[in-house]
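Keep in mind it's a predicted model, so treat the numbers as computed, not measured. All values below come from the heavy atoms of this structure, side chains included, with hydrogens, waters and symmetry mates left out. Chain letters run A, B, ... following the sequence lines, proteins first, then strands; residues in each count from 1.
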Amino acid sequence: MKFTRPTGTQDILPEVQPYWEHILRHTTTLARQYGFARLDTPIFEKTQLFARGVGAGTDVVEKEMYSFRDKGGHELTLRPEFTAGTVRAYIENGMRVAPQPVKLYATGPAFRYERPQAGRFRQLHQFNAEIIGSPSPLADLEIMLLAWDIYETLGIQGLSFQLNSTGCPKCRPSYIEELKAHYQAHFDVICDDCKRRLETAPLRVLDCKKDQCQPVIAAAPKITAHLCSECADHFATLRSYLDDLGRPYTLNHRLVRGLDYYTKTVFEVWAEGIGAQSAVCGGGRYDGLVQLLGGPATPAVGFAAGLERMVMVMQAQGIAVPPLPTPPVFVVHLGKAARLPAVRLLVTLRQAGVGAQIAMGGSLRSQLRQANKRGARIALLVGEDELAQGGVTLRDLARGEQRYVPLGQVVAAVRERLG
RNA sequence: GUGGCUGUGGCCUAACGGUUAAGGCACCUGUCUGUGGAACAGGAAACUGUGGGUUCGAAUCCCAUCAGCCACCCCA
């Protein structure tokens with residue numbers, strides 16, 4: 001095979017498109033219902049935007065970016081996530097003068113240079129939602145409700161909502177000091193990865209899966225016990241909303257996320273069915289990002305949902321989606337003299353809004369076979385006999401009945417048959 | 001970046017180191033010169049991922065490489 005798709009990319013074949021169309025329609029319909037407006041940003045941005053926004057020390061920036069220099073010498077990067085570009089657009093387009101908060105959704109591909117595995121791709125697709133311009137826990141709630149609604153109404157089973165707060169620049173540093181002190185005391189038992197993490201991303205030690213680290217994690221100080229009063233109030237209020245609405249969630253003090261911009265609320269939606277990956281959606285609050293990227297101090301909250309993970313979970317759980325419509329009419333023509341009349345008929349049907357296709361050639365048998373295989377409900381036969389009478393033979397493929405129909409009545413007869 | 005498993009027509013699978021790599025699905029054609037689905041018959045389609053090596057002889061054994069899958073790191 002000379003050409004194969006690049007590692008970690010996929011051909012989304014016609015057979016799976018019903019899932020994609022269904023999910024896209026579902027997510028965008030819900031987002032609009034919640035008052036979100038669509039924003040499309042470029043698939044690539046200046047590299048510096050991500051380096052600054054996502055965080056120079058994160059894995060995403062350090063080793064996963066598809067970066068390149070264009071012919072003008074500009075350093076560009078295929079977006080590894082949506083939030084940085086969305087915030088850039090908010091600032092650049094002066095959205096701070098729009099009614100606040102601004103509620104935006106986006107969908108499309110993102111790119112990360114990683115080793116592929118179950119549920120992980122180098123070109124991935126996300127549905128993204130952001131509320132920019134409100135510090136209220138109500139904004140967090142809205143984001144979480146939308147995320148929850150998307151998965152629940154898709155019919156996915158076994159969902160779990162993981163929730164935590166990672167504090168803010170006021171309370172997090174002192175917590176990290178305490179966490180580091182705790183780990184220093186157990187430095188001899190923790191794994192090498194955690195020794196490294198302690199320097200590069202201390203919060204991530206809480207996420208370690210190695211057996212030897214579990215007792216250390218269990219005994220580690222919990223950040224939720226070290227939040228400043230503002231963060232603690234925010235978290236308590238959000239939880240009271242969720243409790244009042246009866247939305248189940250799991251407090252997970254080990255939930256820390258790999259992007260630098262998160263403050264206060266962080267959450268993930270977990271589902272079963274994709275090997276080692278359980279997170280189908282992740283998000284949280286990022287109150288410092290707008291200012292960090294050069295805008296006015298503006299609080300915000302959002303989430304990203306992985307579309308291929310949605311497809312995979314739905315397939316694993318056997319959730320059916322509606323089939324995509326195919327043309328109900330197939331035009332069959334016999335002999336050279338019938339070709340042009342058949343094409344005219346085809347065009348007439350389409351102009352009348354009836355889906356129709358035509359055989360490119362072959363015997364009557366062969367053309368009817370094609371009609372059957374393509375799932376047509378009606379075959380319209382145009383041959384010598386029909387031409388002589390000035391009409392067509394309308395064959396109902398499900399019933400196996402057929403009758404002659406004058407040309408002028410074909411559209412009406414087809415519509416009647418299709419109900 | 002690290003580790004494990006796997007590469008045979010479009011898809012699924014068979015072939016003790018020994019002739020022209022076999023079968024099923026799908027595709028096309030015919031049986032039926034103007035009638036689909038079923039059946040039957042036929043056809044097209046693979047230099048066995050690639051490159052080396054061992055051997056009289058390699059799909060089969062060895063090495064390398066590439067790709068896929070899975071896991072780690074990390075994330076959707």
Rounded C1' spacing from B:G24 to B:A46 in Å
16 Å

Partner nucleotide of B:A38 by Watson-Crick or wobble geometry (both distances under 3.5 Å):
none

Would you classify A:D193 as touching base, sugar-phosphate or nothing, given that sugar-phosphate means primed atoms plus P, OP1 and OP2, and contacts are heavy atoms under 4.0 Å?
sugar-phosphate

If you compare every side-chain N and O of A:R5 against the phosphate oxygens of B:G68 (OP1, OP2), does one of them come in below 4.0 Å?
no

Using 0.5 Å steps for rounding, measure from the CD atom of A:E64 to the CG atom of A:D59.
5.5 Å

Mind calculating the distance between CG (A:D11) and C1' (B:G68) to the nearest angstrom?
13 Å

For A:E81, which contact category applies under a 4.0 Å heavy-atom criterion: base, sugar-phosphate, or nothing?
nothing

For a quick check of understanding: with a heavy-atom distance under 4.0 Å over all strands, which category does A:F127 fall into, base, sugar-phosphate or nothing?
nothing

Indicate yes or no: at least one non-hydrogen side-chain atom of A:F235 is less than 4.5 angstrom from one of A:L163.
yes

Using a cut-off of 6.0 Å, state whether more than 12 heavy atoms not belonging to A:Q157 lie near its atom CD.
no

Closest-nucleotide ordering on RNA chain B, the 5'-leading residue of A:A304 and A:C208
A:C208

Nucleotide B:U2, atom P - distance to CD of A:Q117 in whole Å
16 Å

If we take the C1' atom in both B:C28 and B:C69, what is their distance in whole Å?
34 Å

Start with the C-alpha gap between A:E386 and A:T393, add the side-chain angles, then the distance that decides, and say whether side chain to side chain donor-acceptor pair (under 3.5 Å) holds.
CA-CA 7 Å; A:E386 288 82 1; A:T393 295; 2.5 Å; yes

Whether A:R122 engages the ring of A:Y113 as a cation-pi pair (distance to the six-membered ring centre under 6.0 angstrom, angle to the ring normal within 45°) should be assessed.
yes

When rounded to whole Å, the CG to C1' distance for the pair A:L146 and B:A76 reads 15 Å

Which base, if any, makes a Watson-Crick or G-U wobble pair with B:G43, both distances under 3.5 Å?
B:C27

Between A:T7 and A:D59, who's closer to the 5' end of RNA chain B by nearest nucleotide?
A:T7

Counting only heavy atoms from other residues, nucleotides and ligands, does the tally under 6.0 Å from CD of A:E401 exceed 12?
yes

Count the heavy atoms belonging to other residues, nucleotides or ligands that lie under 6.0 Å from CG of A:D70, then report whether that count exceeds 12.
yes

Rounded to whole Å, please give me the gap between CZ in A:F111 and C1' in B:C74.
19 Å

Looking only at the side chain of A:S363 (C-beta and beyond, no hydrogens), which of the listed nucleotides B:G30, B:U2, B:C74 gets closest?
B:G30

Residue A:K373, side-chain heavy atoms: nucleotide from B:C74, B:C28, B:G36 that is nearest:
B:C28

Would you please confirm or rule out a distance under 4.0 Å between OP1 or OP2 of B:U29 and any side-chain N or O of A:S366?
yes

Length of the line joining A:R403:CZ and B:G34:P, which is rounded to integer Å
24 Å

Within residues 264-283 of chain A: residues closer than 4.0 Å to RNA chain B (heavy atoms):
A:G275, A:A276, A:Q277, A:A279, A:V280, A:C281, A:G282

Can a donor-acceptor pair under 3.5 Å be found between the side-chain atoms of A:E62 and the base atoms of B:G1?
no

Roughly, in whole Å, what's the span from CZ in A:R369 to C1' in B:A39?
12 Å

Of all the nucleotides listed (B:G36, B:C70, B:C74), which has the minimum atom distance to the side chain of A:L397?
B:G36

In whole angstrom, give me the gap between the P atoms of B:U65 and B:A21.
31 Å

Could you tell me how far apart A:E308 (CD) and B:C69 (P) are, to the nearest whole angstrom?
13 Å

Candidates B:U35, B:G36, B:A76 - which lies nearest the side chain of A:L381:
B:U35

Assess whether one donor atom and one acceptor atom, taken from the side chain of A:Q367 and the base of B:U35, lie less than 3.5 Å apart.
no

Would you measure the distance from the P atom in B:G4 across to the matching atom in B:C40 and give it in whole Å?
48 Å

When we call it a touch if two heavy atoms are under 4.0 Å apart, what does A:R374 touch: a base, just sugar-phosphate, or nothing?
nothing

P spacing across the pair B:A45 / B:G53, given as an integer number of angstrom
31 Å

Verify the contact: side-chain N or O of A:K210 to OP1 or OP2 of B:A71, cut-off strictly under 4.0 Å; return yes or no.
no

Results of salt bridge (Lys or Arg N to Asp or Glu O under 4.0 Å) for A:R196 - residues two or more places apart only:
A:D193

Out of B:G34, B:A76, B:C72, whichever nucleotide has its closest atom nearest the side chain of A:R115:
B:C72

Is A:G119 touching bases, backbone alone, or none of the nucleic acid, heavy atoms closer than 4.0 Å?
base

Could you tell me whether the side chains of A:Y241 and A:D140 share a donor-acceptor contact shorter than 3.5 Å?
no

Rounded P spacing from B:C62 to B:C25 in Å:
35 Å

I'd like the C1' distance from B:U54 over to B:C63, given in whole Å.
11 Å

Could you tell me which nucleotide pairs with B:G3 by Watson-Crick or G-U wobble geometry, both distances under 3.5 Å, or answer none if nothing does?
B:C70

Which part of the nucleic acid does A:G335 contact within heavy-atom distance under 4.0 Å: base, sugar-phosphate only, or nothing?
nothing

OP1 or OP2 of B:A76 sitting under 4.0 Å from any side-chain N/O of A:R257?
yes

Using the C1' atom as the point on both nucleotides, what is the distance between B:U19 and B:G57, in whole Å?
11 Å

Check whether the side chains of A:S174 and A:H226 place a donor and an acceptor atom closer than 3.5 Å, and report yes or no.
no

Quick one, A:H22 and A:M310 - any side-chain contact, counting heavy atoms below 4.5 Å?
no

Tell me which nucleotide, if any, is Watson-Crick or G-U wobble paired with B:U65 when both distances must be under 3.5 Å.
B:G49

Return the value, rounded to whole Å, for the distance between atom CG of A:D192 and atom P of B:C74.
13 Å

So what does A:R204 hit on the nucleic acid, given a heavy-atom distance under 4.0 Å: a base, only sugar-phosphate, or nothing?
sugar-phosphate

